[in-house]
Student: 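Below you will find the structure I want to go over with you.
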There are 2 protein chains.
Amino acid sequence: MSDTPEKPGTPDLQEPSLDEQIAVYQREFRDLDPQVEQIVSALGRLNRRMNVAYGRQVSDLGISNAEWEVLKTLVLAGAPYRLGPGELAKRLGLTPAAMTHRIDRMAGEGLVTRDRDESNRVRVIVELTDEGRTKWLAAMRMASDFEEELLQDLSGDERGVLGEMLIRLLRRVEHAQPDAGGRLTDLD
Amino acid sequence: MSDTPEKPGTPDLQEPSLDEQIAVYQREFRDLDPQVEQIVSALGRLNRRMNVAYGRQVSDLGISNAEWEVLKTLVLAGAPYRLGPGELAKRLGLTPAAMTHRIDRMAGEGLVTRDRDESNRVRVIVELTDEGRTKWLAAMRMASDFEEELLQDLSGDERGVLGEMLIRLLRRVEHAQPDAGGRLTDLD
DNA sequence: TCTGAAGACTTCAAAGCTAAAGTTAGGGTC
DNA sequence: GACCCTAACTTTAGCTTTGAAGTCTTCAGA
């Protein structure tokens with residue numbers, strides 16, 4: 001542990017307790033449904049904390065959270081683990097420009113290769129290297145241990161119920177991004 | 001709507017279906033617990049989508065998601081809605097440097113004021129303006145409508161169960177950030 | 001009172017992202 | 001075959017954030 005150069009990394013979050021937060025919001029905004037607020041706030045906090053945790057874990061492997069996202073996306077594409085920059089950008093929610101730079105970096109680190117598609121020279125093919133796949137696997141092991149530990153208070157039944165409810169929520173947002181006016185549409 | 005200059009904004013995410021994703025991961029990584037993966041992936045996706053949605057909503061008010069976060073944090077501090085840059089940074093998970101710049105911008109836009117604390121001139125006090133509070137309220141209304149719509153498939157009982165389970169997960173991560181080795185600690 | 005040290009920002013340089021403009025290959029249309 | 005249009009990146013300029021160094025108070029001790 002003494003040889004780890006103690007990377008500054010993401011700072012710990014310091015938020016007020018969730019109950020406190022909801023109490024203040026109710027005082028400041030009468031229409032608030034505390035049950036809804038509890039769910040939504042807990043979702044947000046949970047994710048922020050988890051992302052901090054993931055970031056710390058993968059940094060031990062010498063990669064950033066951003067790079068890990070790319071590795072995951074390439075593995076999800078299935079063997080031979082290839083995607084174009086444009087497709088990667090869409091799946092990661094980045095602009096193509098950002099993707100270009102990220103691929104530059106990762107190619108320089110040997111995590112992926114970048115080549116022109118010889119059958120259509122407008123296209124570029126980003127492919128996971130063996131080293132990239134190895135890093136993905138190591139990160140995946142750490143992540144799944146962490147996730148199992150996170151969920152250890154929930155029984156198998158509870159996990160099923162939780163998963164099912166989250167999927168229902170997800171269906172609602174995935175098939176219905178708000179339009180410019182900010183309302184959900186296409187929901188039925 | 002034609003006068004809105006059609007801000008480019010965040011691109012829509014395009015991820016493979018969750019079932020597909022889990023199937024691929026199971027093929028590539030045998031130790032994976034699909035139930036755990038389902039919960040964790042759904043949590044992540046849900047949050048990404050929600051953040052995109054929030055961002056689009058508040059941009060109609062002329063503020064960014066980042067600015068909205070600051071407004072929320074100041075309101076959470078309670079009247080008279082004051083916090084120092086350092087405290088804000090800790091609660092938002094930013095570096096003090098980033099906080100300085102963000103406050104600059106928001107002060108320029110009239111959302112907050114920034115003054116030296118006369119009783120201790122090392123300190124700075126950031127205070128919500130009336131305009132900032134108004135924007136917060138408007139954003140809050142949009143957000144709570146959106147959240148209610150998001151949860152409309154869940155009954156009151158289900159909401160209670162979901163909230164309770166999320167809180168349990170949150171307790172696990174909040175009181176136990178992984179240490180440098182990446183393991184959860186202090187869990188009992 | 002002077003000095004040193006700690007604390008709370010702010011400033012600066014560099015990294016990473018977005019938006020918009022620029023390149024280059026492919027595919028139609030006449 | 002020449003021309004134009006579109007698609008798929010890449011490049012450029014400007015922001016936002018980070019990490020590290022710098023500035024300005026305040027406070028404790030000599």
Side-chain angles (χ1 to χ4, degrees), chain A residues 5-14 48 51-52 55-56 59 62-70 82-109 111-127, chain B residues 4-14 48 51-52 55-56 59 63-70 82-109 111-127:
Chain A
E6 198 51 73
K7 44 209 162 316
T10 319
D12 279 317
L13 293 168
Q14 288 188 19
R48 285 195 294 277
N51 286 334
V52 170
R56 289 182 181 169
S59 78
I63 62 177
S64 67
N65 231 331
E67 290 172 329
W68 189 40
E69 294 294 329
V70 176
R82 290 180 186 160
L83 283 174
E87 186 58 29
L88 275 170
K90 268 188 248 170
R91 299 197 189 190
L92 290 168
L94 293 177
T95 60
M99 208 60 239
T100 294
H101 297 315
R102 213 183 260 194
I103 293 166
D104 279 350
R105 244 178 298 146
M106 293 181 69
E109 293 164 350
L111 298 171
V112 300
T113 58
R114 184 224 308 261
D115 292 297
R116 290 223 159 257
D117 181 345
E118 286 307 325
S119 71
N120 180 345
R121 299 187 42 74
V122 183
R123 291 175 180 282
V124 168
I125 298 178
V126 178
E127 180 173 332
Chain B
T4 319
E6 197 51 74
K7 46 210 162 316
T10 319
D12 279 317
L13 293 168
Q14 289 189 19
R48 284 194 295 276
N51 285 334
V52 170
R56 289 182 180 168
S59 78
I63 62 177
S64 68
N65 230 331
E67 290 172 329
W68 189 39
E69 294 293 330
V70 176
R82 290 178 185 162
L83 283 175
E87 186 59 28
L88 275 169
K90 268 188 248 169
R91 300 198 189 187
L92 291 168
L94 294 176
T95 60
M99 210 58 242
T100 295
H101 298 315
R102 214 183 258 192
I103 293 166
D104 280 348
R105 246 178 297 146
M106 294 181 69
E109 292 164 348
L111 298 171
V112 301
T113 57
R114 185 225 307 262
D115 292 297
R116 290 224 159 257
D117 181 344
E118 286 308 325
S119 71
N120 180 346
R121 300 188 40 75
V122 182
R123 291 174 180 283
V124 168
I125 299 178
V126 178
E127 180 172 334

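The sequence lines fix the lettering, A, B, ..., with proteins before strands; numbering per chain opens at 1.
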Student: Could you tabulate the donor-acceptor pairs under 3.5 Å formed by side-chain atoms of residues 118-126 of chain B, not counting sequence neighbours?
Tutor:
unit_1	atom_1	unit_2	atom_2	d
B:E118	OE1	B:R121	NH1	3.2
B:E118	OE2	B:R121	NH1	3.2
B:S119	OG	B:D117	OD1	2.8
B:N120	OD1	B:V122	N	3.2

Student: Can you measure from CZ (A:R48) to CG (B:L92) and round to the nearest 0.5 angstrom?
Tutor: 8.5 Å
Student: Is the side chain of A:E67 donor-acceptor paired with the backbone N or O of A:S64 at a distance under 3.5 Å, no angle test?
Tutor: yes
Student: In whole angstroms, how far is the C1' atom of D:dC24 from the CG atom of B:D117?
Tutor: 15 Å
Student: Find the distance B:E67:CD to D:dC15:P and express it as a whole number of Å.
Tutor: 14 Å
Student: Can you pull out how bent the helix from C:dT1-D:dA30 to C:dC30-D:dG1 is, comparing the axes over its first five and last five pairs, to 10°?
Tutor: 10°
Student: Quick one, give me the B/S/- string for nucleotides 6-16 of chain C, reading 5' to 3', where B means a protein heavy atom under 4.0 Å from the base and S means that only happens at the primed atoms, P, OP1 or OP2.
Tutor: -BSSBBB---S
Student: Give a yes or no on whether the backbone of A:A66 and the side-chain of A:E69 come within a donor-acceptor separation of less than 3.5 Å.
Tutor: no
Student: Could you check how far CZ of B:R121 sits from C1' of D:dT25, rounded to whole Å?
Tutor: 9 Å
Student: Working to the nearest 0.5 Å, report the span between CD1 of B:I103 and CZ of B:R114.
Tutor: 5.5 Å
Student: Rounded off to whole Å, could you give me the CG-to-P distance for the B:L92 and D:dT18 pair?
Tutor: 11 Å
Student: Would you compute the distance between atom CE of A:M106 and atom CG of A:L88 and round it to the nearest 0.5 angstrom?
Tutor: 9.0 Å
Student: If I take atom CE in residue B:M106 and atom P in nucleotide D:dT16, what distance separates them, rounded to the nearest angstrom?
Tutor: 12 Å
Student: What is the distance, rounded to the nearest whole Å, between atom CG of A:L94 and atom C1' of D:dC9?
Tutor: 15 Å
Student: Whole angstroms only, please: what is the CG-C1' distance between A:N65 and D:dT17?
Tutor: 16 Å
Student: Thinking salt bridges, do A:E109 and A:R105 make one under a 4.0 Å N-O criterion?
Tutor: no
Student: Please assess A:V112 against A:E127 for the test side chain to side chain contact (heavy atoms under 4.5 Å, CB included), listing each intermediate value before the final yes or no.
Tutor: CA-CA 5 Å; A:V112 300; A:E127 180 173 332; over 6 Å; no
